[in-house]
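We use all heavy atoms of the structure for the numbers below, so side chains are in, but hydrogens, waters and symmetry mates are not. Please read all numbers here as calculations on a predicted model, not as lab measurements. Chain naming here is simple, since letters A, B, ... match the order of the sequence lines and numbering starts at 1 in each.
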Amino acid sequence: MPELPECEANRRRVEDGALNRTITGFSEGNVTHLDLPTPSERKRLEGRQFTEARRHGKLIFAGSATGPWISVHLGMTGWLDCVDGSFEPPNWGHFVICFEGDRRLVFHNRRKLGWMKVIDDPATYLDDTGVGPDAMEMGENAFVDMLGKSRGAIKAALMDQKKIAGIGNLYSDETLYQVGISPKAKGSDLDAATLKKVHSALCDVLDTLLAANDGGPVPKDWLRHRREAGAACGLCDGTIRKATVGGRTAFYCSEHQS
DNA sequence: CTCGGTGTTCGGAC
DNA sequence: CGTCCGAACACCGA
């Protein structure tokens, strides 16, 4: 599920379903190799309430002014859900925070690449981990500066959570496709005007996807609908190609992405 | 049966 | 230090 827009949808579910209720306990299933709060961390949570849910990049936080907070990374296949009453525990890895009134916050994680930990405060935690600015908050100047200084492939820079937080494989491709830049282009080779266009395209992609969380449309000409080698480009006469960039599979149009 | 994936981390090389 | 590469993590579906 998880790049910035999907993480935001998960954050909102936490906000809508897991705030202002006292934590009464925990349950879990199939949790080998899943990184979850320790017993003492769970003890810190018990009896407390979350009053706020935040997101930074792909991280989701829930907590209160006095703490503690949970910090959740969904990995490749994780999601958060709130349910009422008893529920059928899934067979896959999951961790449940139980609240008063039979409400549960369920952290599903099939592939077990995600994690949840307990922290004192999100701001301090973000400082300590060195994660970059959230993609929705990063201004044009900072964005142009960051890419202008990065000597590697622009796709790799966009996916580097220490440079800009929240962008992954799909939406780095989508942005570069829409703005007509090769994923292999080096940021430091592009002029400021071009990098501003990349910034604008990224904002459009994220805005559209956030709106799609509320039922908004995703344009038919997006790369998203044609992520396979040999597909017809939605924007020109070209053909979609596949390559490895920044350690991930990139799809791009060999014709209009120079 | 094998491969690959909306993610990250680690070690090693340059 | 910045960057790149391959491998690893665990699971499921094509």
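Ion pair A:Asp16/A:Arg12 not flagged as a salt bridge, since none of the NZ, NE, NH1 or NH2 atoms sits closer than 4.0 Å to an Asp/Glu carboxylate oxygen. Salt-bridge check for A:Arg55 with A:Glu8: passed, with a basic side-chain N closer than 4.0 Å to an acidic carboxylate O.
If you take CZ of A:Arg151 and C1' of C:dC4, they are 11 Å apart, rounded to a whole angstrom.
Ring-plane geometry between A:His256 and A:Tyr177 is classed as perpendicular, the angle between the planes exceeding 60 degrees on a 0 to 90 degree scale with a lower cut at 30.
Nucleotides of DNA chain B with any atom under 4.0 Å from a heavy atom of chain A span, from 5' to 3', B:dG5 to B:dT8.
Sorted by first and then second residue, the pairs that involve residues 112-147 of chain A and meet ring pair (Phe, Tyr, Trp, His ring centres under 6.0 Å), not counting sequence neighbours, are A:His73-A:Trp115, A:Phe143-A:His199.
Rounded to whole Å, the separation between the C1' atoms of B:dG4 and C:dG6 comes to 16 Å.
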Pairing string of DNA chain C (Watson-Crick or G-U wobble, both atom distances under 3.5 Å; | = paired to other strand) is .||||||||.||||

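By the salt bridge (Lys or Arg N to Asp or Glu O under 4.0 Å) test, A:Glu28 pairs with A:Arg42, sequence neighbours left out. A search for side-chain contact (heavy atoms from CB on, under 4.5 Å) contacts involving A:Asn141 returns nothing, not counting sequence neighbours.
In this structure, A:Ser150 reaches the sugar-phosphate backbone alone: every heavy-atom distance under 4.0 Å involves primed, P, OP1 or OP2 atoms, never a base.
DNA chain B is contacted by no residue of residues 219-226 of chain A, taking any non-hydrogen atom closer than 4.0 Å.
No side-chain N or O of A:Ser182 forms a donor-acceptor pair with one of A:Gln257 less than 3.5 Å apart.
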